[in-house]
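Notes follow once the structure below has been shown.
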Amino acid sequence: MSKPKVAFYWCASCGGCEEAVVDLHEDILGVVSAVDIVFWPVALDFKRSDVEAMKDKEVAVAFINGAIRSSEQHEMVELLRRKAQLVVAFGSCAHLGGIPGLANVFDRGAIVNQACVNAVSVVNDQKVLPSEETTVPEGKLTLPLLWNTVKSLDQTIDVDYYLPGCPPPVNLIGEAVGAILKGELPAKGTVLAPDIALCDDCVRRDTKPEKPALKEFFRPHQVKADPEKCLLAQGLLCLGPVTRKGCGSVCVKANMPCTGCMGPTSNVVDYGAKALSAIASLVDSNDDKEIAAIISKVADPVGTFYRYSLPASLLHRRYNGSTERG
Amino acid sequence: MSDKNVAGSDFEPRIVAFFCNWCTYTAADLAGTARMVYAPNARVVRIMCSGRLDPQFVLAALRKGADGVLIGGCHPGDCHYQEGNYKALRRFTLLKTLLAAMGIEEERVRLEWIAASEGDKVQRVINEMTEQVRKLGPLRLEQIHQIEGSHHSAAQVGKHAVMEGAV
Ligand code: SF4
Ligand code: SF4
Ligand code: FES
């Protein structure tokens, strides 16, 4: 019997998810011997045309990481969707939009201008901007279209499973691959990680007060955090109470608050709104002025609560008043 | 595409009002039985306490077509469950900073303490808010999502990109 075919692809991502696959270390040998990797641009020299030449559903599973923000990425994931029986959204960006999704607080014009003209390291006196079509003596050159709005994978194609995390924890990748190979998969749409909040297996769980009451919030660089005590109880915005466990609380072990890369548990629709709700209710005051003063210490609420999930949020992106819409 | 073309002059704001059972909802009832006349733009959802209001409800209402969201609870000290309205106030304060950062105008989401006897306050607040939101125009997030969703038509958006690029 021939081995199941597997494809990996990356869209708007940093490359960390590809690292996570390599981080399987020697376990990767077991995977490689059990499957046939037919497409993996970061590591193997297969081309888009090789994928196009395959029969529909010929690939057993496609692992796709990265958010979707260009016409080219959209074409590629549609192609992979056609060729693959299963599509797994791999990592925070594919799952919820991820860090690249924070671009949704800007629009395309501002982003392109910043990247191509205004960034301090850029010299572009003529303010040349990328355009989809450029005519040169040899003919027409084209570039993919950069979208105005970044999307999660399931906002562009049908997704079967999600592997959360930035990047997904190696043990969860191993378990997911194992389950796929054995054909022991849960219901379609499942996030392949425990459905309980991170505090549940945090090393500092016993030091977390039942209801932390906070007069002040700090950012990590503003305090020297006690390495034993619950970070939230110390006024650091640890999002462990609203984040899915499965990472082994690695950030907390490194004395850094959880920023929520594993996303929400299954009973939450909008991660950021839930996180905001959980944090706000800890404010220890009944006085509106004092509440406002304490809350003003939460710098950058969008970046704090939607660090990995702005595209998948109910609001999806920033609105610019009535003139620039559409 | 300007909002005015879409909205026309007969834009009627849609306001979703989350009222706590013990005070504000009772006040709205009172306004009704007293036949007070106020703008018909608020759709009232009864919740047991303003402290039950999950910020997700506010975002979901805006996403699904509300132009504004009004939250009503008992006055400080009067919450049937002691602390619920303080919780609502804390969440609302943080939610406002988030909404501002997301470009949603401040007047679209409002928190008011309205006691069971204050039917006239229900009337005034709903009228005021309806007028404020009317001035802002429709939010229509759902429609914008559809437009954003159909941006794969390169020709159309390509033009847009050039326009933006020129700014
Ligand atoms: S809030 Fe953070 S530090 Fe505290 S128990 Fe939860 S995950 Fe651990
Ligand atoms: S602690 Fe939080 S941010 Fe860190 S890896 Fe775990 S889920 Fe992600
Ligand atoms: S019961 Fe009215 S606000 Fe709590």
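Because the structure is a prediction, the values reported are computed rather than measured. The basis for the numbers below is simple: all heavy atoms, side chains too, and nothing from hydrogens, waters or symmetry mates.
Put simply, the side chain of Arg63(B) gets close to the backbone of Leu314(A): a donor and an acceptor are under 3.5 Å apart. Judged by distance alone, the side chain of Arg91(B) and the main-chain N or O of Ala280(A) form no donor-acceptor pair under 3.5 Å. Of the possible polar contacts, one joining the Arg318(A) side chain to the Ala101(B) backbone as a donor-acceptor pair under 3.5 Å is found.
Among residues 49-60 of chain B, the residues having any heavy atom closer than 4.5 Å to a heavy atom of chain A are, in sequence order, Asp54(B), Pro55(B), Gln56(B), Leu59(B), Ala60(B). Among residues 23-32 of chain B, no residue has any heavy atom closer than 4.5 Å to a heavy atom of chain A.
The parts of Val268(A) that come within reach of chain B are both its backbone and its side chain, each placing non-hydrogen atoms under 4.5 angstrom from that chain. With a 4.5 Å cut-off on non-hydrogen atoms, Ala100(B) touches chain A through its backbone but not through its side chain.
For the atom pair CG (Leu315(A)) and CD1 (Ile104(B)), the distance works out to 5.0 Å, reported to the nearest 0.5 Å.
Each of Ile291(A), Ile294(A), Val298(A), Val283(A) was checked for a side-chain contact (heavy atoms from CB on, under 4.5 Å) with Leu94(B), and the lone residue meeting it is Val298(A).
For the pair Asp288(A)/Thr93(B), no side-chain contact is recorded, criterion being any heavy-atom separation below 4.5 Å from C-beta on. Under the 4.5 Å side-chain criterion, counting only non-hydrogen atoms from C-beta, Ile295(A) is not in contact with Lys96(B). No side-chain heavy atom of Tyr319(A) sits under 4.5 Å from any side-chain heavy atom of Leu139(B). Between Leu282(A) and Arg90(B), every side-chain heavy-atom pair lies at or beyond the 4.5 Å cut-off.
Within a 6.0 Å sphere centred on NZ of Lys127(A), other residues, nucleotides and ligands contribute 12 heavy atoms or fewer. Applying the 6.0 Å contact sphere to CD of Glu131(B) captures more than 12 heavy atoms from other residues, nucleotides or ligands. The neighbour count for Tyr81(B) OH, taken as heavy atoms of other residues, nucleotides or ligands under 6.0 Å away, is above 12.
Your options are Ser285(A), Ala292(A), Ser71(A), and the one with the most heavy-atom pairs under 4.5 Å with chain B is Ser285(A).
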